[in-house]
Amino acid sequence: MADQAKKSLNKMLRKGRARAKISGTTVRPRLTVTISNTHVSAQLIDDDASHTLAAATTVGTKVSGTKIELASKVGADIAKKAKKAKVTAVVFDRNGRQYAGRLAALADAARKEGLEF
């Protein structure tokens, strides 16, 4: 099996294991983070109602800085939008990624803004 296909398969398996245990509710929605090579996106999802409560992304914005700084801005933005939606606690969904770098920066910024997870 090619290296890239193996990496992709392993990530999907990690994501599946996590999603089997993580579910968002109205009281405590799921904060899912998607990180590509150039952009960072975060969503608050109520899995019971299959509804997105809030979302923040770098796609379509003219924000500049390093990738870690962009992730921090998205984390702060999603926390502010969560406050508007009257959400204080969330379940964190890493999407199969290692908790380091941009993911950790996003989580730390969201915690600084008052989001609990």
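This chain uses plain numbering: 1 for the first residue, then up along the sequence.
The closest side-chain heavy-atom distance from L44 to K81 is not below 4.5 Å.
Expressed to the nearest 0.5 Å, how far OG1 of T52 lies from CD of Q43 amounts to 4.5 Å. We find the CZ-CG distance between R28 and D47 to be 13.5 Å, quoted to the nearest 0.5 Å.
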Task: Worked verdict on F92 versus I22 for side-chain contact (heavy atoms from CB on, under 4.5 Å) - done: CA-CA 8 Å; F92 193 59; I22 296 173; over 6 Å; no
- [ ] Given side-chain contact (heavy atoms from CB on, under 4.5 Å), test K15 with R97 step by step and report yes or no.
- [x] CA-CA 8 Å; K15 182 177 178 177; R97 292 186 60 99; over 6 Å; no
TODO: Carefully, step by step, assess R19 and T32 under the rule side-chain contact (heavy atoms from CB on, under 4.5 Å).
DONE: CA-CA 10 Å; R19 285 290 290 124; T32 184; over 6 Å; no
Show me the donor-acceptor pairs, under 3.5 Å and distance only, between side chains in residues 62-73 and residues at least two apart or in other chains.
from, atom 1, to, atom 2, distance (Å)
T66, OG1, E69, N, 3.2
K67, NZ, N37, O, 2.8
E69, OE1, T66, N, 3.0
S72, OG, I68, O, 3.1
K73, NZ, S64, O, 3.3

Using a 3.5 Å cut-off and no angle test, enumerate the donor-acceptor pairs between side-chain atoms of residues 101-117 and protein atoms at least two apart in sequence or in another chain.
from, atom 1, to, atom 2, distance (Å)
R102, NH1, S36, O, 2.9
R111, NH1, Y99, OH, 3.0

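Residues T26 and D46 have side chains that bring a donor and an acceptor to within less than 3.5 angstrom of each other.
Other residues sharing the hydrophobic cluster of I45, ordered by chain and number and joined by side-chain separations under 4.5 Å: none, the residue standing alone.
Of the residues R14, K7, M12, the one that meets the side chain to side chain contact (heavy atoms under 4.5 Å, CB included) test with N10 is R14.
Placement of V91 and I78 in two distinct hydrophobic clusters is found when ILVMFWY residues are connected by side-chain heavy-atom separations under 4.5 Å, directly or transitively.
Smallest separation of non-hydrogen atoms from A56 and V74: O-CG1, 3.8 Å. Between P29 and A89, the closest heavy-atom pair is CD-O, 3.5 Å. Scanning both residues, T58 and H39, for their nearest heavy atoms gives OG1-ND1, 3.0 Å.
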